[in-house]
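The structure appears below as structure tokens.
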Amino acid sequence: MSKPEFVVELGFIEQAPAWKLRSKFFPSKVGGYPAWLALKDLPTTEELFCRRCKNPLVFLCQLYAPFHHKEECFHRTVFVFVCRDPDCCQDNDASNIRVFRCQLPRNNDYYPPEPAKEVEADSHTPGAEDFNNLCKVCGALGLKMCGGCKVARYCSKTHQAFDWKAGHKTECKDPGSVGQKSTVSKFLFPEFEVELEPEEVEAGREKSEAEVMREYEELLRSGRPSHQDEDDEDTENDLVNMASKETDKQFQKFRTRIKDYPDQVVRYDRGHDPLWVSSQNKPTDIPPCPHCNQPRQFEFQVMPQLLVHLKVDNTGRSIDWGTVLVYSCPDSCQTSRPYVEEVAFKQDYSPISSVMRNN
Ligand SMILES: [Zn+2]
Ligand SMILES: [Zn+2]
Ligand SMILES: [Zn+2]
Ligand SMILES: [Zn+2]
């Protein structure tokens with residue numbers, strides 16, 4: 001990803017054959033198994049636990065984001081994991097999300113210094129499964145083995161139980177069939193490539209504050225509350241009243257900025273300001289990098305549009321976010337372990353903007 005100064009790169013979902021999204025091609029992708037960069041010393045099972053329910057997270061996305069000025073970061077990928085349990089998803093709280101960065105120099109133990117040919121043959125190698133047993137359900141380190149077939153591996157009892165119900169009960173009697181991954185899709189998100197392109201913002205397109213405010217007020221007047229059990233008209237009046245006192249210009253800026261590229265699922269803008277979905281609940285206490293003590297910087301954000309592609313349940317309660325911000329070490333400092341945990345921050349819509357977001 002070459003990154004000219006001050007240009008935001010936008011990520012879009014693309015269909016791609018699974019073989020193109022494997023480790024050796026350094027993909028940016030959503031869903032499926034993680035395509036680990038360093039193939040040994042993967043994050044531990046505990047590091048991939050949800051901080052809230054203590055169950056294993058599911059892989060959400062990874063972005064290939066090398067630092068061109070730094071030899072140790074010739075290859076660099078940031079991985080995002082999330083808990084699938086909607087009960088762990090709380091407003092403005094990222095304890096159901098964890099983020100790891102990984103980097104490798106051009107000359108490393110796994111990949112040749114020149115890019116691999118984009119062909120399907122041998123696309124699976126090298127892969128983390130060459131060096132580790134991986135959990136059949138989530139693709140993370142699988143230190144536990146099924147006592148029946150002694151073939152299936154799992155990161156945790158939770159995933160073993162999940163897989164047993166999802167079909168391993170039958171499969172286990174026929175160890176030759178284990179590893180056909182047929183049961184796995186029930187846990188993983190659908191897999192896509194993420195293609196990054198520079199955002200083009202036309203000169204003079206940045207709107208004046210007055211313009212933004214006017215649009216915002218119009219929007220409020222046309223706003224319909226999404227909760228059907230409330231009195232629509234009263235709620236609408238409340239909204240307009242609320243807007244005159246406590247406006248959320250930030251949300252309108254958000255909408256204006258993404259209007260030309262409504263399908264963006266990621267914004268990569270390292271070292272700059274995120275695009276906030278609300279002027280409320282901005283992070284105030286992102287901890288510094290524990291390895292070099294420098295303040296972490298914003299690196300990229302996952303946009304709400306990604307939720308559409310995840311096939312998460314839309315009718316009942318489901319996992320959700322306004323935006324997920326990733327903060328990382330500004331130097332991507334070298335540490336003794338290849339996978340380094342960084343910080344996620346989840347910003348949700350303020351009450352007033354959540355009412356309007358469907359407009
Ligand atoms: Zn959880
Ligand atoms: Zn697992
Ligand atoms: Zn088994
Ligand atoms: Zn650091």
Side-chain angles (χ1 to χ4, degrees), residues 23 29-36 39-62 79-100 102 127-191 302 307 310 312-313 316-321 324 339 341 343-346 348:
S23 295
K29 68 174 199 119
V30 164
Y33 288 129
W36 299 109
L39 305 177
K40 290 182 203 166
D41 301 314
L42 306 182
T44 64
T45 302
E46 290 72 26
E47 283 175 319
L48 288 172
F49 276 176
C50 171
R51 288 200 178 83
R52 205 165 263 278
C53 69
K54 313 293 182 218
N55 280 320
L57 303 172
V58 59
F59 170 72
L60 177 64
C61 64
Q62 65 186 73
F79 298 81
V80 184
F81 298 83
V82 66
C83 182
R84 259 197 175 276
D85 187 343
D87 289 339
C88 293
C89 189
Q90 306 289 325
D91 276 358
N92 304 300
D93 176 352
S95 50
N96 62 332
I97 299 169
R98 294 179 87 157
V99 177
F100 296 83
C102 180
E129 61 274 26
D130 299 343
F131 301 92
N132 312 268
N133 292 307
L134 299 182
C135 175
K136 196 167 164 280
V137 175
C138 69
L141 210 53
L143 300 178
K144 293 189 193 308
M145 183 174 70
C146 171
C149 60
K150 301 200 168 28
V151 175
R153 301 280 179 155
Y154 302 99
C155 66
S156 59
K157 282 214 160 63
T158 316
H159 280 179
Q160 183 170 12
F162 178 93
D163 195 40
W164 188 256
K165 277 191 214 152
H168 188 66
K169 196 176 173 178
T170 316
E171 188 190 57
C172 190
K173 295 170 198 143
D174 175 17
S177 69
V178 178
Q180 287 172 0
K181 295 180 183 179
S182 54
T183 60
V184 163
S185 58
K186 290 170 191 159
F187 180 75
L188 298 172
F189 291 125
E191 189 175 37
V302 178
L307 290 160
L310 298 181
V312 284
D313 182 15
R317 263 175 60 67
S318 64
I319 56 167
D320 193 12
W321 53 74
V324 175
Y339 286 88
E341 185 158 18
V343 171
F345 183 87
K346 186 158 84 74
D348 287 286

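Numbering starts at 1 and runs along the sequence shown. All ligand and atom numbering here is 1-based and tracks the order in the structure.
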task: Run the numbers on K144 and R153 for side-chain contact (heavy atoms from CB on, under 4.5 Å), then give the verdict.
output: CA-CA 6 Å; K144 293 189 193 308; R153 301 280 179 155; over 6 Å; no
task: Kindly state whether the ring of F79 and the ring of F100 have centres lying under 6.0 angstrom apart.
output: no
* To do: Check whether the ring centres of F189 and F59 lie less than 6.0 Å apart, and answer yes or no.
  => no
Angle subtended at the Zn ion (ligand 3) by C172 SG and C149 SG, to the nearest 10 degrees, is 120°
Taking the Zn ion (ligand 1) as the apex, C88 SG and C53 SG span an angle, rounded to 10°, of 100°
Angle subtended at the Zn ion (ligand 2) by H159 ND1 and C138 SG, to the nearest 10 degrees, is 110°
For this session: Please confirm whether the backbone N or O of E341 pairs with a side-chain atom of R98, one donor and one acceptor, at under 3.5 Å?
Result: no
